There are 2 protein chains.
Amino acid sequence: MFRIFSIFGNEFNFEAMARTKEFNEDQALDKAIEIFWHKGYNGTSAQDLVTHLGLSRSSLYDTFGDKQKLFSKSLQRYQQQAQDTVKELLEKSDNVKETLHEIFKQAVIESLEDRITKGCFMVNSSVELAMHDEEIAKIVKSNSQTMEEVFTNAVKKGQEAGHISKTLDAKVLARFIFNNYSGIRVLARAGERNKQVYDDIVKAVFSVL
Amino acid sequence: MFRIFSIFGNEFNFEAMARTKEFNEDQALDKAIEIFWHKGYNGTSAQDLVTHLGLSRSSLYDTFGDKQKLFSKSLQRYQQQAQDTVKELLEKSDNVKETLHEIFKQAVIESLEDRITKGCFMVNSSVELAMHDEEIAKIVKSNSQTMEEVFTNAVKKGQEAGHISKTLDAKVLARFIFNNYSGIRVLARAGERNKQVYDDIVKAVFSVL
DNA sequence: ATAATAACAGAACGATCGTTCCGTTATTTA
DNA sequence: TAAATAACGGAACGATCGTTCTGTTATTAT
């Protein structure tokens, strides 16, 4: 911070630095994602955050403002990470159908492995908050749009390469894929542990492509 | 209530009735469904319940025990109502594919009409509570199983009548249908208002049947 | 060394949470 | 009418909520 004193026409510039942060902000955000993802917004208390992030109440509030702002930042960070992963996989791929299949298989594996069943942070937040919090609604909407674009471009590529049926429009298929992805995440959050259920759904989904 | 006093071998049976309830328990439950559905469990306060159900705190607690019990009862009542509707429609139907289409179209209409976007009470509760509350988890699981059975029987009937493709097993298709139904309800809860999005999903789903 | 100040730890705040308690009212049987 | 008692209205409870305040510590430029 800078303070400039102007006395009798002369300017004195005092700069004084203070203590450095003892934690990494992004690492703290990742911890916040973990606990919000697991317990939801209303289910996570300020004390939960203090305990889980390992920093004091004052540092938490000094750094992130309040609970709502911290949640919002966490969800945005999660969105960025998740989107980047899928986007890169599909853009690099030269067999989009196969890559999409891998993405779904991965979602199934995560759903079964997940000892503390978390589902998808975006889906969870959407269900819990989208209708009560405009900022969260915006993030959810932005995520849906981006994912729709990513899937649409991928399907188009697959259709041009002859890997995916042209019977249905790319956008139709993109929305269909996204819908089943959401459904699977809800299933996981509900605690479904039967692999056959997931496999059946994936089988039916890919019978369309 | 009955009190039986036994004095010197003689039994005296005193029955004294008290004030009658000024509200209907099922109607109160329906109101509870409304507000829990809209705001979720954690988002609904005891005061919300008092205000919305229109009865006093004491009556509320005397009648339903506590918040968790009231929620549980509400969800069970919702489940029964929703299941009965779908089950009856499909069992009466002589063109199951068409009836399923009607059910999905109805879900789309509700999603678009819903000014206070509620999604599906079962899906919402599943996402919010299933992993933190065993009793809710049981209800969710029971609902999934019943719906899977209902859809499986329906698909079998459709396949035997030649209305639905036999390419995929009835159970596979049932799980696929249920998954897309969940997805659509999440979309609604997220505030999606574009009919085309829903129509595209339904179109893709029914291209499989 | 001193002044300046952000980061920190933790006590404390008012508000709201879910729940219980108490005194009154209304209804029924004896 | 009298006795019994569930239903009722509303005050009150302790606990916990999210947030703020206070005082201390650590770091840096002067």
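Just so you know, these numbers come straight off a predicted model, no measurement behind them.
Per the geometry, OH belonging to A:Y61 stands 21 Å off P belonging to C:dA6, to the nearest Å. Between A:L60 atom CG and D:dT19 atom C1' the separation is 11 Å, expressed in whole Å. The nearest whole Å value for the distance from the CZ atom in A:F23 to the C1' atom in C:dC8 is 10 Å. Rounded to whole Å, the distance from CG on A:D66 to P on D:dT20 is 8 Å. Rounded to whole angstrom, the span from the CZ atom of A:F71 across to the P atom of D:dT19 amounts to 14 Å.
Residues A:F104 and A:F206 are in side-chain contact: their nearest non-hydrogen atoms beyond the backbone lie under 4.5 Å apart.
With hydrogens and angles left out, the side chain of A:S59 and the base of C:dA7 share no donor-acceptor pair within 3.5 Å.
For A:D62, counting side-chain heavy atoms from C-beta on, the closest listed nucleotide (C:dG18, C:dC8, D:dG18) is C:dC8. Of the candidates C:dT19, D:dC8, C:dC8, the closest approach to any side-chain atom of A:S58 belongs to C:dC8.
Remark: B:K73 fails to qualify as a cation-pi partner of B:F64 under the 6.0 Å distance and 45° angle criteria applied to the six-membered ring.
Residue A:S45 is in sugar-phosphate contact alone, with no base atom involved, counting any heavy-atom pair closer than 4.0 Å across all strands shown.
Using a 30° and 60° split on the angle between ring planes, B:H38 and A:H132 fall in the perpendicular class, above 60°. In this structure, B:W37 and B:F121 have parallel ring planes: the angle between them is below the 30° cut-off, well short of the 60° mark.
Between B:R57 and A:Q47, the residue anchored closer to the 5' end of DNA chain D is B:R57, taking for each the nucleotide with the nearest heavy atom.
Using a 4.0 Å cut-off, some side-chain N or O of A:S56 falls inside it from OP1 or OP2 of C:dA9.
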